[in-house]
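Working notes, beginning with the structure itself.
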Amino acid sequence: MPSLTLPECGRYIPPPATDEDLEFADLAIVDLSKAHTPEGRAELYPQLRDALRTYGFVYAINHGYNQAQRDRIFDIANVPFTVVPPDEMKTYTANIEKVGYYAGFKGRQFWKVDADNSVLDQIEHYGINKDVTRRPHPQALRPFLPEIDAFVRHNHFNIVHPILRLLALSLELPEETLVEKHNFDGTGETCVRFMKYYRRTKEEEEKSNNVWLKGHTDVGSVTILWSQPVGGLQILAPDGRWKWVRHIENALVINTGDMMDFFSGSYYKPTIHRVVQPPEDQRDYDRLSVFFVSMPDDNVRLLPCVESPVLHHFGIQRRCPDEDAPLCAAWRKGRTTNYGRSDLKKGIEHNVEEEVVEGIVVKHYN
């Protein structure tokens with residue numbers, strides 16, 4: 001029989017949540033446990049639809065992991081940044097500009113942060129493909145691969161797939177329409193991403209106006225952020241102001257990205273968000289985050305679901321002619337290789353910079 005004893009892992013002790021009086025976004029909360037029945041899905045999809053079309057972000061609770069399981073994942077997420085020695089980090093650092101995906105380490109000072117490109121990021125992250133055995137990993141992380149694999153599968157099948165079914169229902173499409181574009185065994189770069197945001201110097205904060213990651217949209221279809229207490233995540237609210245995202249213990253923060261924008265003909269626009277310096281009472285802490293980034297299979301073409309009666313009613317907004325629609329792999333590679341590396345051009349809108357990917361304008365909000 002396999003051992004039921006988990007490998008030892010140093011405990012990650014999260015900082016306390018902020019007590020600052022911040023302007024938080026008023027985000028809806030959906031109960032994912034209701035997604036298991038047709039009646040529950042009928043109740044949930046209008047809630048999810050309205051939340052994503054208003055703020056673009058939504059909380060999810062009762063997602064199937066208890067507090068202890070969630071805490072264990074954060075213990076494991078800290079391993080790449082606290083246990084792996086620097087030389088081994090270099091061995092497993094991804095050549096992001098060449099391969100066009102995040103796998104292995106991304107070191108600090110890789111992305112340009114401010115408009116003048118004089119400040120670089122202080123973020124490390126470690127990416128793991130949904131097939132955790134697809135690429136090699138540092139020695140310290142290998143004992144935890146069975147747990148990471150279980151975490152990947154839980155996110156894919158028990159969180160993302162239910163969300164995709166609800167989105168399909170909201171578009172009056174067959175429930176499996178979007179699920180069929182996100183196959184676990186298909187070739188693609190759906191991944192778990194562990195990220196560590198390190199404190200910056202006073203000079204860096206002043207030059208970048210306290211922005212750690214400028215406003216952007218996510219590349220994929222659905223992003224799952226496992227809520228953690230250190231503040232910094234902000235969304236661009238409908239009123240044009242940046243608002244903080246509040247931490248809810250053992251909740252998920254879910255948003256849609258570019259690829260869902262393509263599929264939905266901009267019915268679900270990609271959510272504009274950024275990361276800024278934490279509130280004053282949390283500035284002595286680094287910020288550890290856990291993400292699950294879901295993307296369609298690489299060979300899926302990013303076309304609107306024209307069979308949707310909802311889209312016909314509201315109108316389909318195409319980002320390009322259908323004959324020019326990119327494959328998922330091409331969009332991912334273009335966005336990933338350019339992000340934080342290319343020289344952006346000043347856009348027409350105030351405080352907006354632009355680049356062109358696959359012939360399509362991509363905006364960054366500074």
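Going from atom CZ of R319 over to atom OG of S266 covers 7.0 Å, rounded to the nearest 0.5 Å. Atom-to-atom distance recorded for L141:CG and E88:CD is 9.5 Å, nearest 0.5 angstrom. With rounding to the nearest 0.5 Å, the separation of CE in M195 from CG in D286 is 13.0 Å. Atom CD1 of I61 is separated from atom CD1 of I29 by 6.0 Å, given to the nearest 0.5 angstrom. To the nearest 0.5 Å, atoms CZ (F151) and CZ (F144) are separated by 15.0 Å. Annotation: the span from L27 atom CG to I248 atom CD1 amounts to 8.0 Å, rounded to 0.5 Å.
Under the 3.5 Å distance criterion, the side-chain polar atoms of E249 are left unmatched by any main-chain donor or acceptor of P229. Between the side chain of E204 and the main chain of T201, a donor-acceptor pair closer than 3.5 Å is present. Formation of a donor-acceptor pair under 3.5 Å by the S264 side chain with backbone atoms of Y268 is found in this model. Panel note: side chain N338, backbone G334; a donor-acceptor pair is recorded below 3.5 Å. No donor-acceptor pair under 3.5 Å is formed between the side chain of E147 and the backbone N or O of I73. Judged by distance alone, the side chain of H156 and the main-chain N or O of N183 form no donor-acceptor pair under 3.5 Å. For the pair S294 (side chain) and T223 (backbone), a donor-acceptor distance under 3.5 Å is absent. With hydrogens and angles disregarded, a donor-acceptor distance shorter than 3.5 Å links the side chain of T93 to the backbone of M89. Distance alone, capped at 3.5 Å, is enough to place a donor-acceptor pair between the D281 side chain and the D19 backbone. Counting only distance, with no hydrogens or angles, the side chain of N210 and the backbone of V276 share no donor-acceptor pair below 3.5 Å.
Counting heavy atoms from C-beta on, the side chains of T217 and T271 never come closer than 4.5 Å. Taking the side chain as every heavy atom from C-beta outward, I224 and V290 never approach each other to under 4.5 Å. Contact check for I148 versus I128: side-chain heavy atoms found under the 4.5 Å cut-off.
Residues D75 and G10 share a closest heavy-atom pair of CB-O, 3.6 Å. Closest approach of R72 and C9 over heavy atoms only: NH1-CB, 3.5 Å. When every heavy atom of M295 is checked against every heavy atom of C328, the shortest pair comes out as CB-SG, 4.4 Å.
Between K214 and E353 there is a salt bridge, since a side-chain N of the basic residue sits under 4.0 Å from a carboxylate O of the acidic one. With respect to the salt-bridge test (charged N to carboxylate O, under 4.0 angstrom), the residues E124 and K106 do not qualify. Look at K34 and E39 and you find no salt bridge, because none of the NZ, NE, NH1 or NH2 atoms lies under 4.0 Å from a carboxylate O. Comment: R108 does not engage D121 in a salt bridge, judged by the lack of any side-chain N to carboxylate O separation of less than 4.0 angstrom. With respect to R241 and E23, a salt bridge is recorded, a charged nitrogen being found less than 4.0 Å from a carboxylate O.
For Y65 and W226, the ring centers are positioned less than 6.0 Å apart. In summary, the aromatic rings of H137 and Y92 are positioned with their centroids too far apart to meet the 6.0 Å limit. Remark: aromatic rings of H273 and H216 are close, center separation under 6.0 Å.
If you check the side chains of R246 and S227, you find no donor sitting under 3.5 Å from an acceptor. In this structure, a donor-acceptor pair under 3.5 Å is present between the side chains of W212 and E205. Using a 3.5 Å distance cut-off with no hydrogens or angles, the side chains of H161 and H182 do not pair a donor with an acceptor. Under the 3.5 Å distance criterion, with hydrogens and angles disregarded, a donor-acceptor pair is assigned to the side chains of R142 and Q139. Inspection of the N155 and K130 side chains reveals no N or O donor paired with an N or O acceptor under 3.5 Å. Counting only N and O atoms by type, the side chains of R274 and Q234 include a donor and acceptor under 3.5 Å apart.
If you run salt bridge (Lys or Arg N to Asp or Glu O under 4.0 Å) between R332 and each of D298, D258, D218, only D298 comes through. Across V362, V219, T336, T337, a single residue satisfies side-chain contact (heavy atoms from CB on, under 4.5 Å) together with V357, and that is V362. Of the candidates F110, F194, W111, Y197, W111 is the only one forming a ring pair (Phe, Tyr, Trp, His ring centres under 6.0 Å) with H125.
More than 12 heavy atoms of other residues, nucleotides or ligands lie within 6.0 Å of CG in N66, so this atom counts as buried by the packing criterion. For D21, the CG atom sits in a loose shell: 12 or fewer heavy atoms of surrounding residues, nucleotides or ligands are nearer than 6.0 Å. No more than 12 heavy atoms of other residues, nucleotides or ligands shown are found within 6.0 angstrom of CD1 on I348. No more than 12 heavy atoms of other residues, nucleotides or ligands shown are found within 6.0 angstrom of NZ on K333.
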Listing, residues 44-54 side-chain donor-acceptor contacts under 3.5 Å, not counting sequence neighbours, or none:
unit_1	atom_1	unit_2	atom_2	d
Q47	NE2	E43	O	3.4
R53	NH1	Y267	O	2.8
T54	OG1	D50	O	2.6

Side-chain donor-acceptor distances from residues 301-313 under 3.5 Å, at least two apart:
unit_1	atom_1	unit_2	atom_2	d
R301	NH1	A325	O	2.6
S308	OG	L171	O	2.7
S308	OG	V310	N	3.2
S308	OG	L311	N	3.1
H312	NE2	V306	O	2.5

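The hydrophobic clustering, which links ILVMFWY residues whose side-chain heavy atoms are closer than 4.5 Å, places Y55 and L236 apart. Criterion: ILVMFWY side-chain heavy atoms under 4.5 Å apart, direct or through other members. Under it, M259 and F291 are part of a common hydrophobic cluster. Under the 4.5 Å side-chain heavy-atom criterion for ILVMFWY residues, a single connected hydrophobic cluster contains both V84 and F81. A single hydrophobic cluster is seen to contain both V179 and F262, as judged by linkage of ILVMFWY side chains at heavy-atom distances under 4.5 Å, directly or through other members. Placement of L252 and F157 within a single hydrophobic cluster is found when ILVMFWY residues are connected by side-chain heavy-atom separations under 4.5 Å, directly or transitively.
With a 6.0 Å cutoff to the six-membered ring centre and a 45° limit on the axis angle, R193 does not count as a cation-pi contact of Y126. Remark: K181 is positioned above the aromatic ring of F263, its terminal NZ or CZ atom under 6.0 angstrom from the ring centre and at most 45 degrees off the axis. Both the sub-6.0 Å distance and the 45° axial angle are satisfied by R70 relative to the ring of F74.
By the side chain to side chain contact (heavy atoms under 4.5 Å, CB included) test, P162 is found to be paired with A35, R165, residues two or more places apart in sequence or in another chain being considered. Annotation: side chain to side chain contact (heavy atoms under 4.5 Å, CB included) contacts of D71 (sequence neighbours excluded): R11, Q67. With sequence neighbours left out, the side chain to side chain contact (heavy atoms under 4.5 Å, CB included) criterion links R134 to N129, D131, T187, E189.
Grouped with V99 in one hydrophobic cluster are Y101, the linkage being side-chain heavy-atom contacts under 4.5 Å among Ile, Leu, Val, Met, Phe, Trp and Tyr residues.
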- Task: List the steps, then state whether side chain to side chain contact (heavy atoms under 4.5 Å, CB included) holds for I96 with Y102.
- Result: CA-CA 6 Å; I96 296 167; Y102 296 116; 3.5 Å; yes
